[in-house]
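The first residue of the sequence shown is numbered 1, and numbering continues consecutively from there.
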Amino acid sequence: MANATTNLLAVEVKRTEKVALTQVLRDYISNAYAEHPDLYTDDFRVLDELRMDCIHLGAQHNALNRLIKYHGQLVFIGSKFPIDVGAEFPWYPAFSANGGKPVAYRNLNYEKACVLYSIAAMQSQLGISENRATADGVRKACMYFQNAAGAFKHLQDVVIPEIRTAPTKDMTTSALNTLVSLMLAQAQECVWQKAAIDHLRDGTIARLAIQVAEYYDSAYDLATNSSISGLYPQSWLSHMQIKTLHFKAAAQFRKATECISQNKYGEEIARLQLAESYVKKGLDMSGSFLSRGSGVNEMVINDLKSLQQIIQSNLARAQRDNDVIYLEPVPSSSALPPIVKSGMVKPMPTTEITDPVQLMMDNERSHGKMPHPLLGLPLFQKLVPFAVHQAASVYFDRKERVLKVDIIGKLDELTGVYQSTLRSLNLPTALQALEQPIGPPPSLIKRADEIKSKGGSALLYDMIEKVRQSSLKNSELLDQALNAVDEELEEDDAMRKQYGDKWPLQKSSELTGQLIAQGKKHRETILSAQKADQTVHQKLDTWVKIIDILNLPTDEIERSIPSVHVTRGYSAHDEDDDLARQNNAARHLRALLEQADGHVRERKDIIERAQRTSMADDISPALLNKAAQLTANSPIAKIEPAQFEDLFAEQLRQYDEYLKDVDKQEEEQDLLMKKIATANEDFLEARRFNPAIAKREKALQNLEQAYDKFQEIYTNLKEGMKFYTDHGQSLSTFRKKCLDYQQHRRNEAREALKTLGVNPLSLASLNLNPQDNAQPQAGGAWQPKFGIRFSGQKP
């Protein structure tokens, strides 16, 4: 931004568009923090007003204050919310007032960076608006430029790294360093101007001037870096070049004036000649810029012309005096000692920029609830820091892992091992066969009733038919999809044969690779599912007779199970001994099984107690206390979940007693399983004298297994039906994609025919209908209408 009434430059603020920030934050608080957003209604209102100020900037001083306040609040809420809260922040790149598109990121730190850029820009505008004809105006302008340089540098060093993504071109390192150097050049120019107003020594003014030139020259070098080529307007680059030459000339002029008092008349002339060359080069350059339409501010040119007149006047006098009076040799410009630079400015960001939160909190502590006069009270102060929610989430995950894996999972695993071991030993069926020698045991009757209530094997066969129909439907969807692709390939091949190289469309084979791959994957999925369906069907055919027994009335089930009768083939005394030994072994085995069942009940109790402990386990108060300690010195101090590790460990100790119970259960079950295995061997040995027991036991075992198979097949079929429903939805989407592709290619073909001067209706003569491309073949085989690439066997 150039101002016709000043010889300095100011930066334009970045432009933005409206953002529904508070609505996004309301939703985020509701969903992520489980707090009611109405608690922060006033905070939302203030934040909305501050965000709107970025769009509708008012008077410069008020606009700067509002931007500083918004930046300070963004710094504070950065500790309360994550970088991505779901809102996109659109900002136009700098120097794009007449065009360009906004760059939007879902990133709070990007918003903060753009606001800080605008703060620095506004400070530069206030700097050029000061009346530098007065000492106070020069002083204020100098401070504004140093503040702007400080804001740009703080943006580069602190804020940009926090964005965690590549910055836009106007906020890259080279771009921001350019602005820092430019602002320092103008601040140093104010110091130089104040020194001239105050009539400081010429040597001092020369040292100040050469530093001005150094800053302008650095700004130009940075601005022309290839990484930001084209960012700054040519008028800015011209301005920097002319200013560099101007202050090199001014420095040499002041140094030449100092030479008079030091009786260095030859050096005076050399420096005046060097100054004149700088001025001439600057004026020549300005004329060249003007001819290329990138002129420099007229005030800058006038300054240069005024300096030229003074230099030429002094040079003529110096040469005349030297020729008549002093007769000193004039050194070459390369032999002149360099002028020592004297830098009097530096980047000076205001405290409201570098540490706004501390200012707000210090003011609150010292004045109660009185807001800071510029920054106000921190918004969302009562909202729990986001890092605390992260820590709570980490703890919840660890607690769930202890509960579900180390306690519940381990206990369920022990029970599973126990139950599978009993099944392998045919227990308790073997005991039931002995303890109830006639009729089905009560547990078996209960299971039979369950199968009857569901419909027995008829239900399973009905489900198999539904699965088969779903499989057929899915296969048809896939066939239709792939035939559409196959038809389009045939149409394309036909056109290529007819029109040869004149056919302008890309080959179908080059476009359908992804569709073909997806179709192949869908086909493999269906074939794999159909194999699984066949396995389930075979399983049902294998077990259906025994499953049907369980579907019979109770008296018929009883007749199907052998009864146990004592057969006297030897002395009554021996038989009595065998029965006694058999009964003793059975009683011992039953006692062990009851003991094991007791352990299973204990495990359920352990799980219930652990779950109650978990439900009552609220780490939030402890996390808040820890967070308060971590942020005691600064409310925006970085908090990481790792800082809560000791607290996590302490809180998880309440589950130690359950973990000890798990270890105890494992030890006791290992010992008990060994005892059961030994007792079962004794039981088997004791009952050998009565073969009827083995027959009854085998019958009961078969019926128990039939019940398990019924449940297994029922579950398999339910999963199969769900699979085909889900896969059918995916296939419908794929089919639409293929048909859309076919229609799109047909539309392109019609346009191509028009280009070739052919009636596009000729495409219809191919008589291709995507709904009519499945052709039944002899023997039940099925193939697409064209080719065999997608052929498959209908189930």
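- Note on residues 143-158: pairs passing salt bridge (charged side-chain N to carboxylate O under 4.0 Å, His left out), not counting sequence neighbours, are K153-D157.
- You'll find the ring centres of F95 and W236 inside the 6.0 Å limit.
- Side-chain atoms of Y92 and E17 form a donor-acceptor pair, as typed in the model, at a separation below 3.5 Å.
- Separation of the F380 and F81 ring centroids falls under the 6.0 Å cut-off.
- Residues E258 and R254 are not paired through a salt bridge, judged by the lack of any N-O separation under 4.0 Å between the basic side chain and the carboxylate.
- Under the salt bridge (Lys or Arg N to Asp or Glu O under 4.0 Å) criterion, K140 pairs with D136, sequence neighbours left out.
- Ring orientation note: the planes of W192 and H246 are nearly perpendicular, at an angle over 60° on the 30°/60° scale.
- Salt bridge annotation for K281-E276: absent, with no cationic side-chain nitrogen under 4.0 angstrom from a carboxylate oxygen.
- For Y117 and F152, the distance between ring centers is under 6.0 angstrom.
- A salt bridge links K243 with E189: the distance from a Lys NZ or Arg NE/NH1/NH2 to an Asp or Glu carboxylate oxygen falls below 4.0 Å.
- Not one N or O on the side chain of D202 forms a donor-acceptor pair closer than 3.5 Å with the backbone of K255.
- Between the side chains of D27 and Q23, at least one donor N or O sits under 3.5 Å from an acceptor N or O.
- The line from OG1 of T22 to CG of D48 is 3.5 Å long, rounded to the nearest 0.5 Å.
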request  = Show the numbers, then the answer: is there a side-chain hydrogen bond (donor to acceptor under 3.5 Å, both in side chains) between N7 and R132?
outcome  = CA-CA 11 Å; N7 58 357; R132 287 182 290 119; 2.8 Å; yes
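- Ring to ring, F89 and Y110 are not that close: their centroids are 6.0 angstrom or more apart.
- Counted by atom type alone, Y265 and N263 present one or more donor-acceptor pairs between their side chains at under 3.5 Å.
- Judged by distance alone, the side chains of N31 and R26 never bring a donor and an acceptor atom under 3.5 Å apart.
- Proximity of a side-chain donor or acceptor of Q125 to a complementary backbone N or O of V11 within less than 3.5 Å is detected.
- Side-chain atoms of V75 and H71, non-hydrogen and from C-beta on, do get closer than 4.5 Å to each other.
- At a threshold of 4.0 Å, the pair R51-E111 counts as salt-bridged, since one of the basic side-chain nitrogens sits closer than that to a carboxylate oxygen.
- Between T350 and N147, the side chains place no donor N or O within less than 3.5 Å of an acceptor N or O (distance only, hydrogens not considered).
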